[in-house]
Amino acid sequence: MTSEATSHAAAPDDAARPTRWGRVVAWALWDWATQPFNSVIVTFVFVALYLTSESFLDPEIASLGEGHPAYDLGLSQLAGGLGTGMTVAGILVAVLAPVLGQRADTSGKRKAWLALFTGLLVLCMLGLFFVQAAPPFFALGVGLIALGSVFGEIGGVNYNALISQVSSPRNVGRVSGLGWGFGYVGGIVALVIVVVADGADWWGMDTSNGMAYRLIAVGCAVWAVIFAWPVFRFVPEAPATGRPQVSLLGSYTRLWGDLVSLWRESRATVWFLGASAVYRDGLAGVFAFGAVIASVAYGFDATQVIMFGIAANLVAGLATMLAGLVDDWIGPRRLIIGSLTGMVVAGLAVAFLHDVGPIVFWIAGLTLCLFVGPVQSASRSLLARVCPPGKQGEIFGLYATTGRAVSFLAPLMWTLAIALTGATIWGVLGLITVVALGLVAMLFVRIDAR
């Protein structure tokens, strides 16, 4: 790609600025507040156990039972409908994220935009209470999940951009790692609460008509409100860039000009956006299909899947916090390359040692999780270090956009590997191939961002 070594040097006063760790915690709590939308609603509970279940099949088809072609086809159609909604959501994020981030930079209102999209995310989670267990409500559920994904990701653009307000160049790795770690731990606590409530049979409450799952969504919304507010109270706003305001259409013209300038002045940053898009899609694939690998290939039941999810979040959270120290010591690029290498080795073990039994997935699967968080955290800290001053929102918007641009890679390689081999376990090789491609691309990105 390029051998260019590029780094946007911080001003001396920025480098010497003392870090107020109370502000860091207030910033990191936003990740804790919003993570249950991803872990509880999208990944492990609401979508997996409710929205794509027989509750939303025609009663006549549902009565046929598992194994009947019509029943299995119906569940596949539900999964396909969810996939369609998430595809539309991804397109919206790709189109809107960089220009909305740019407009937040220009106006100096990143916190206002963050508040807006956090509020919209909360409303989507509250709306899931009205998704009753009947086919007519399926479209409402998918629509709210898709919109919540859009609002959460665009909110995340402004949240990531605010990292410059709570960190300095010498500790941005630790700050980024703390944020990701808080997110993972928040997901754990929320999942544990769900497990406890389910184990207590919801304390005798009527759970018919999907009421337990609908209340879980409301609980996630309340959780977000309780824990998100410190970022708005204690984190200082970034100053406006001084650039004139333009129309929404004009923002796209400005975006193109900024991209051209970035290519000329910091080409390695552009290459990093491309390389990270590839390996981040591999990471997304690991999250998306991890539960499928556990249940289908390794025979985990629903309880074991949730317990693995709790363990995975715990391992990832602790590793990410510790990796932040390593990030500031050796630099984010080296940490990313080392972590991706560890993921490839662990993924190969999951695939080729499958016959040994479930213990392999517990060990190698958790090892995968050990490296996932550090990659995510170091990617954010690297980009924060090299962002042109005053353009953090726009650059993190591009970070979201490039990730969406190749979001087909992991699902494609997963599907292709299974189609060629006829076994779900070999889909792991498809996911690891994407991670490996990102690793190779990252080797050619020359950025000294320490």
Exercise. Quick one: do the Ser377 and Ser176 side chains pair a donor with an acceptor below 3.5 Å?
Worked result: yes

Exercise. So which heavy atom on Gly397 is nearest to which on Val157, and how close?
Worked result: N-CG1, 3.6 Å

For this session: Provide the closest heavy-atom pair for Val375 versus Ser339 in the form atom of the first, atom of the second, distance.
Result: CG2-CB, 3.3 Å

Exercise. Got a second to check how far Trp113's CH2 is from Asp105's CG, nearest 0.5 Å?
Worked result: 11.0 Å

For this session: For Tyr279 and Gly438, work out which heavy atoms get closest and say how close.
Result: CB-CA, 3.8 Å

Exercise. Any sub-3.5 Å donor-acceptor pair from Gln304's side-chain atoms to Asp301's backbone N or O?
Worked result: yes

Exercise. Do Val434 and Leu412 come close enough that some side-chain heavy atom pair is under 4.5 Å?
Worked result: no

Exercise. What pair of heavy atoms forms the shortest contact from Ala378 to Pro332, and how long is it?
Worked result: O-CB, 3.4 Å

Problem set entry | With sequence neighbours excluded, residues passing ring pair (Phe, Tyr, Trp, His ring centres under 6.0 Å) with Phe56 | Tyr50

Exercise. With a 3.5 Å cut-off and no angle check, do the side chains of Tyr184 and Gln376 form a donor-acceptor pair?
Worked result: yes

For this session: Determine whether Ile293 and Tyr298 make a side-chain contact, defined as any pair of heavy atoms from C-beta on separated by less than 4.5 Å.
Result: yes

Exercise. Is there side-chain contact between Phe46 and Val40, with heavy atoms separated by less than 4.5 Å?
Worked result: no

For this session: Give a yes or no on whether the backbone of Leu49 and the side-chain of Thr52 come within a donor-acceptor separation of less than 3.5 Å.
Result: no

Exercise. Hey, mind stepping through Phe227 and Trp223 against ring-ring contact (aromatic ring centres under 6.0 Å, His included) and telling me if it holds?
Worked result: CA-CA 6 Å; Phe227 293 109; Trp223 177 286; 5.0 Å; yes

Exercise. Does Arg280 use its side chain to pair, donor to acceptor, with the backbone of Tyr399 at less than 3.5 Å?
Worked result: yes

Problem set entry | Verdict with supporting geometry, Met343 and Val286, side-chain contact (heavy atoms from CB on, under 4.5 Å) | CA-CA 10 Å; Met343 287 190 66; Val286 170; 4.3 Å; yes

Exercise. Is the distance between the ring centroids of Trp362 and Phe308 under 6.0 Å?
Worked result: yes

For this session: Examine distances only and state if a side-chain atom of Asn160 and a backbone atom of Gly156 form a donor-acceptor pair shorter than 3.5 Å.
Result: yes

For this session: Would you mind reporting whether Leu147 and Leu121 have side-chain heavy atoms less than 4.5 Å apart?
Result: no

Problem set entry | Backbone N/O of Gly309 and side chain of Asn313: donor-acceptor pair under 3.5 Å | yes

Exercise. Can you list every pair that meets ring pair (Phe, Tyr, Trp, His ring centres under 6.0 Å) and has a residue in residues 412-435, with sequence neighbours left out?
Worked result: Phe289-Trp414, Phe352-Trp426

For this session: Supply the atom-to-atom distance Leu348 CG to Leu429 CG, rounded to the nearest 0.5 angstrom.
Result: 6.5 Å

Exercise. What distance separates Ile432 CD1 from Met413 CE, expressed to the nearest 0.5 Å?
Worked result: 11.0 Å

Exercise. Is the backbone N or O of Ala28 less than 3.5 Å from a side-chain atom of Asp31, with the two atoms forming a donor-acceptor pair by type?
Worked result: no

For this session: Give the minimum heavy-atom separation between Val386 and Thr269, together with the two atoms involved.
Result: CG2-OG1, 3.8 Å

Exercise. Does some side-chain heavy atom of Phe272 sit less than 4.5 Å from a side-chain heavy atom of Ile336?
Worked result: yes

For this session: Decide yes or no on salt bridge (charged side-chain N to carboxylate O under 4.0 Å, His left out) for Arg385 and Asp328, but give the supporting numbers first.
Result: CA-CA 11 Å; Arg385 294 172 194 265; Asp328 290 328; 2.8 Å; yes

Exercise. Would Phe396 and Tyr159 count as a close aromatic pair, with their ring centres under 6.0 Å?
Worked result: no

For this session: I would like to know whether Glu237 and Gln165 meet side-chain contact (heavy atoms from CB on, under 4.5 Å); could you show each step before the answer?
Result: CA-CA 7 Å; Glu237 180 61 273; Gln165 298 303 108; 6.0 Å; no

For this session: Taking the side chain as every heavy atom from C-beta outward, state whether Leu51 and Leu78 have any pair of such atoms under 4.5 Å apart.
Result: no

For this session: Test side-chain contact (heavy atoms from CB on, under 4.5 Å) on Leu262 and Ile395 and set out the steps.
Result: CA-CA 10 Å; Leu262 190 65; Ile395 297 301; 3.9 Å; yes

Seminar exercise, completed: Nearest heavy-atom contact between Val172 and Ser381 is O-CB, 4.0 Å

Exercise. Is any side-chain heavy atom of Val24 less than 4.5 Å from a side-chain heavy atom of Arg174?
Worked result: no

Problem set entry | Point-to-point distance, once rounded to the nearest 0.5 Å, from NZ of Lys109 to CG of Leu116 | 12.0 Å

Problem set entry | Chi angles and distances behind the ring-ring contact (aromatic ring centres under 6.0 Å, His included) call for Trp229, Trp30 | CA-CA 8 Å; Trp229 70 268; Trp30 189 87; over 10 Å; no

For this session: Answer with yes or no whether the side chains of Gln392 and Arg110 bring together a donor and an acceptor at under 3.5 Å.
Result: yes

For this session: Run the numbers on Arg103 and Glu394 for side-chain contact (heavy atoms from CB on, under 4.5 Å), then give the verdict.
Result: CA-CA 8 Å; Arg103 295 176 74 82; Glu394 181 177 75; over 6 Å; no

Seminar exercise, completed: Rounded to the nearest 0.5 Å, the CD1 atom of Ile154 sits from the CG atom of Leu92 at a distance of 7.5 Å

Exercise. Mind checking whether Asp281 and Val435 have side chains closer than 4.5 Å, heavy atoms only?
Worked result: no

For this session: State the CH2-CZ distance between Trp271 and Arg446, to the nearest 0.5 angstrom.
Result: 13.5 Å

